[in-house]
Amino acid sequence: MLHPGRKEDFDARMKELDQKEAEIKQQEKIRNREKELGIRKTWKKPTWSKIMLVIMTILCFEIVIYTEVVMWVHWDLSALYALVGVAASLAAAIWSYNEKAKAQNTAGGITYDLAMKQQENLDPEPEDAKDDEDGVG
């Protein structure tokens with residue numbers, strides 16, 4: 001048995017949910033249109049190799065600053081040996097990062113971004129092309 005007032009509550013709640021859904025769809029359309037026009041830029045999470053490169057560079061600069069302070073305080077140039085190692089390791093880290101990034105960002109001779117754009121542009125299968133359940137087998 002239906003209680004009085006329950007149907008009105010249900011209808012009011014459904015109307016409220018429909019309005020929220022319409023607002024969300026409208027906001028999504030706005031975001032998509034802004035992306036198409038290039039107005040809205042999306043932030044990409046940096047790759048692990050870039051994070052490691054930044055950390056390596058910061059550590060190398062820290063060693064350089066430390067050795068300069070030691071040379072200044074002790075008036076001893078033997079700390080320059082550490083600076084030679086820092087420069088060599090920084091050059092090796094940057095070279096290995098560039099090689100890794102080059103290999104990581106290409107697929108079949110084309111760049112990763114171009115491959116992803118091509119994949120996004122592929123249209124999904126049209127709805128009317130779906131198989132019916134009346135098929136053989």
Side-chain angles (χ1 to χ4, degrees):
M1 181 172 175
L2 195 60
H3 297 290
R6 296 273 176 140
K7 179 155 177 51
E8 291 82 19
D9 292 342
F10 175 77
D11 291 339
R13 180 69 177 147
M14 288 302 292
K15 189 175 184 179
E16 181 182 327
L17 291 174
D18 289 340
Q19 288 175 348
K20 285 184 181 181
E21 182 182 13
E23 287 176 13
I24 290 171
K25 285 183 180 181
Q26 185 179 17
Q27 289 174 353
E28 188 175 318
K29 282 182 182 179
I30 290 171
R31 267 186 263 130
N32 290 338
R33 184 65 177 152
E34 286 177 346
K35 284 180 186 177
E36 288 174 8
L37 295 174
I39 297 171
R40 180 181 289 251
K41 301 289 182 187
T42 55
W43 181 77
K44 288 185 178 180
K45 183 179 175 184
T47 60
W48 180 250
S49 56
K50 287 183 183 177
I51 293 171
M52 290 306 297
L53 179 66
V54 168
I55 290 171
M56 182 65 137
T57 305
I58 290 171
L59 287 175
C60 289
F61 283 129
E62 181 182 356
I63 292 171
V64 168
I65 292 170
Y66 174 75
T67 54
E68 288 177 351
V69 169
V70 168
M71 287 186 300
W72 183 265
V73 171
H74 296 292
W75 290 93
D76 183 17
L77 297 179
S78 63
L80 287 175
Y81 292 118
L83 287 178
V84 170
V86 168
S89 65
L90 182 60
I94 291 172
W95 175 77
S96 63
Y97 165 74
N98 288 332
E99 290 297 316
K100 180 184 178 296
K102 183 172 59 173
Q104 188 179 35
N105 292 334
T106 57
I110 60 173
T111 63
Y112 178 78
D113 293 334
L114 184 59
M116 289 297 103
K117 281 185 180 179
Q118 287 177 352
Q119 186 176 5
E120 287 175 2
N121 290 337
L122 294 176
D123 292 331
E125 185 177 323
E127 291 184 24
D128 55 351
K130 291 181 182 175
D131 290 338
D132 291 336
E133 294 180 18
D134 298 339
V136 177

Report the residues that fulfil salt bridge (Lys or Arg N to Asp or Glu O under 4.0 Å) with Lys25, sequence neighbours left out, ordered by chain and then residue number.
Glu21
So, taking the atom named CD1 in Ile30 and the one named CD in Glu28, what distance separates them when rounded to the nearest 0.5 Å?
11.0 Å
Distance (rounded to the nearest 0.5 Å) between Ile63 CD1 and Thr67 OG1:
8.0 Å
How many angstroms lie between atom NZ of Lys29 and atom CG of Asn32, to the nearest 0.5 angstrom?
10.0 Å
If every non-hydrogen atom of Met71 is compared with every non-hydrogen atom of Leu77, which pair is closest and at what distance?
SD-CD2, 4.0 Å
Would you say Asp9 and Arg13 make side-chain contact, with heavy atoms under 4.5 Å?
no
Going by salt bridge (Lys or Arg N to Asp or Glu O under 4.0 Å), name the residues that satisfy it together with Lys20, two or more places apart in sequence or in a different chain.
Glu16
With sequence neighbours left out, the residues meeting salt bridge (Lys or Arg N to Asp or Glu O under 4.0 Å) with Glu34 are Arg40
Asp11: side chain to side chain contact (heavy atoms under 4.5 Å, CB included) partners, not counting sequence neighbours
Lys7
For Arg31, the salt bridge (Lys or Arg N to Asp or Glu O under 4.0 Å) test, sequence neighbours excluded, returns none
Would you kindly confirm whether Val70 and Phe61 end up in one hydrophobic cluster when ILVMFWY residues are joined by side chain heavy atoms under 4.5 Å apart?
no
Output all residues satisfying side chain to side chain contact (heavy atoms under 4.5 Å, CB included) with Ile58, sequence neighbours left out; order by chain, then residue number.
Val54
Flag if over 12 foreign heavy atoms under 6.0 Å of CD, Glu36
yes
